[in-house]
Amino acid sequence: MRRTRTEDDRAAARARVEDDRTAYGSRAANGRTAYGSRAADDREAAGTRTADDRDAAGIRTVDADVAGAIGRVLDEVLGARLAAAAAADALFTRDIAERVARFTLGGGKRLRGRFVWWGLRVCGGDGEAAGAALRLAAALELVQTCALVHDDVMDGAELRRGRPALHAEVRGQYGHRTGAGRSARSAETFGRSAAILAGDLALAWADDTVLDTRFPDRARSAVHALWRTMRTEMVAGQYLDLHGQVTASHSPARAVRTARLKSARYSVERPLLLGAALAGADDRAAGALRSAGRCAGLAFQLHDDLLGVFGDPEETGKPSGDDIREGKVTYLTAVARARARAAGDDGALGVLDAALGDPYLSAAAVDRVREVFESTGARAALEDKVESLADRSVAHLADVRTADPAALRHLRALLRATAGARPCSPPGGPPAAARGGER
């Protein structure tokens, strides 16, 4: 049957309506999809901003008290290590592990950890690396515990930070239990042996802390390489120190080499580079921090040598003149000897020859050595060198391009204070810390 024109028109109209409904549904669905996508994007962006805000707030909190933040991480790290020690043996925990924890928590300026933090901050390190930086700082505190405990054993030092050195403390605890027929030397040997184990434990805990830390993928291999190098340099420097005492080396160059390896690099340069590595710093920034740290680190050790002779025991925590009694070949003594020899001053050379390495040296004899350091100009020369190194250290920071000028001001002040240079407060920053020195 043939369809009329009217029927054809009605059919076409129905088709157009159906097409319109389909098109409208498609547009509505697309609109809902687009709206949902925008809403999801907005929620994700808001979440990212919230996380970034939290990270920024956390970093600012650490900036305000870096040493306090390191102390809190140390509490956490040492709590876990003490629990593991207790599972091994209660006596060992009480006599050794707890002493390591107390020593690590009970003193020091958290100097090395602060350099890790500010190395990170001036190179733009973010929240991802901040937690790793604080754990590295805690590990460095444990390395320092190892170094100081072993150093006191090797030097026969009785005091550290104004208290009995760890080996002396253990000796005192067990000295009355040596038993019949045993000599007083037995208690001395036991104290030293226990302290060696304590230092070993501190180093093991430091390595455990690094091993258990999650580092950004870009930084892991560089951090581990720096850590290995730093440990080796520290031991090498300690050996050179011992070797110089046995061979009575008088070389200023050897004294500087010993100072660099024993203390300067692991106190300033390597911690700065660890922070820079965590931040993914470029070669220019890392090179500038390496140079700045090398200068400030050497100044730090040279100033410590001055404190060993001219420092106030109430402030240093160690008797003044111990370096002389131990026969340490410091840069100060090497320069004094070289100047006395150049001037033909046999009297000054005789004073030095008679005094260095005499464990029973009287206070009056120490005063005579101080007079030689003054009269030869060695003390003034060392003080000038410290100032010069501090200035050069800060000058190297000009090559660090940073988005955080406040972090750079903090680092500049810390470098000068650590070097033992005359403090100068950074504009807009807190006053510089007290002048440096390890004792």
Side-chain angles (χ1 to χ4, degrees), residues 237 240-241 243-245 247-264 267-268 294-313 315-316 318-358 361-395 415-424 434-439:
L240 290 182
D241 187 29
H243 185 271
Q245 294 176 53
T247 60
S249 170
H250 300 151
S251 165
R254 171 58 69 87
V256 168
R257 178 70 175 164
T258 302
R260 284 194 190 282
L261 288 173
K262 182 183 176 183
S263 179
S267 294
V268 185
R294 188 161 294 186
C295 290
L298 179 57
F300 168 77
Q301 183 56 48
L302 297 184
H303 184 250
D304 196 55
D305 292 345
L306 286 168
L307 290 178
V309 178
F310 297 100
D312 181 353
E315 295 181 6
T316 65
K318 295 193 72 174
S320 183
D322 267 8
D323 285 355
I324 298 169
R325 295 184 180 94
E326 292 160 14
K328 286 185 179 292
V329 185
T330 64
Y331 186 71
L332 178 63
T333 60
V335 169
R337 189 180 292 278
R339 284 172 171 253
R341 187 179 295 112
D345 189 344
D346 292 335
L349 288 171
V351 169
L352 294 175
D353 288 338
L356 291 175
D358 180 358
L361 198 66
S362 67
V366 171
D367 283 339
R368 286 194 290 274
V369 175
R370 292 193 185 103
E371 290 171 3
V372 168
F373 290 153
E374 298 271 10
S375 64
T376 58
R379 178 182 183 177
L382 209 66
E383 289 173 342
D384 289 345
K385 189 173 183 66
V386 165
E387 288 291 333
S388 174
L389 285 167
D391 291 341
R392 287 165 53 194
S393 173
V394 171
L415 284 168
R416 284 195 64 83
T418 299
R422 287 184 291 271
C424 57
R435 295 179 70 172
E438 187 57 46
R439 294 164 191 273

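Positions are given from 1 along the sequence. Since we're looking at a predicted model, the values are computed, not measured.
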With a 3.5 Å distance limit and no angle check, can you tell me whether S375 reaches the backbone of V372 through a side-chain donor-acceptor pair?
yes
Note: A259 and L298 closest approach over all heavy atoms is CB-CD1, 4.0 Å
Do side-chain atoms of T258 reach the backbone of R254 as a donor and acceptor pair under 3.5 angstrom?
yes
Looking at T376 and A348, what are the two nearest heavy atoms and their distance?
CG2-CB, 4.5 Å
Can you tell me how far apart CG (D305) and CZ (R379) are? Round to the nearest 0.5 Å.
13.0 Å
Please step through side chain to side chain contact (heavy atoms under 4.5 Å, CB included) for the pair K262 and L240, ending with a clear verdict.
CA-CA 8 Å; K262 182 183 176 183; L240 290 182; over 6 Å; no
Mind listing the closest non-hydrogen atom pair of R339 and A381 along with its distance?
NH2-CB, 3.6 Å
Quick one: CG on L332 to NZ on K385, what's the gap to the nearest 0.5 Å?
13.0 Å
Is there a side-chain contact between Q301 and R260, using heavy atoms and a 4.5 Å cut-off?
no
Can we say R392 and E387 salt-bridge, meaning some charged N sits less than 4.0 Å from an Asp/Glu carboxylate O?
no
Does T418 use its side chain to pair, donor to acceptor, with the backbone of L415 at less than 3.5 Å?
no
Quick one about S320 and R370 (side-chain donor to acceptor, distance below 3.5 Å, no hydrogens or angles considered), yes or no?
yes
Can you tell me how far apart CZ (F300) and SG (C295) are? Round to the nearest 0.5 Å.
15.5 Å
Is D353 salt-bridged to R337, going by a charged N under 4.0 Å from an acidic O?
yes
With a 4.5 Å heavy-atom cut-off, do L352 and F373 have their side chains touching?
yes
How about L356 and R325: do any of their side-chain heavy atoms sit closer than 4.5 Å?
no
Heavy atoms only: give me the nearest V268-A296 pair and the separation to one decimal.
CG1-CB, 4.2 Å
Check: T333 and D323 side chains under 4.5 Å, non-hydrogen atoms:
no
Could you report the tightest heavy-atom contact between L361 and I324, atom names first, then the distance?
CD2-CG2, 3.6 Å
Take atom CZ of R257 as the centre, draw a 6.0 Å sphere, and report whether it contains more than 12 heavy atoms from other residues, nucleotides or ligands.
no
Considering all heavy atoms of both residues, which atom of A255 and which atom of T330 are nearest to each other, and what is their separation?
CB-C, 3.8 Å
Any side-chain heavy atom of V386 within less than 4.5 Å of one from L389?
no
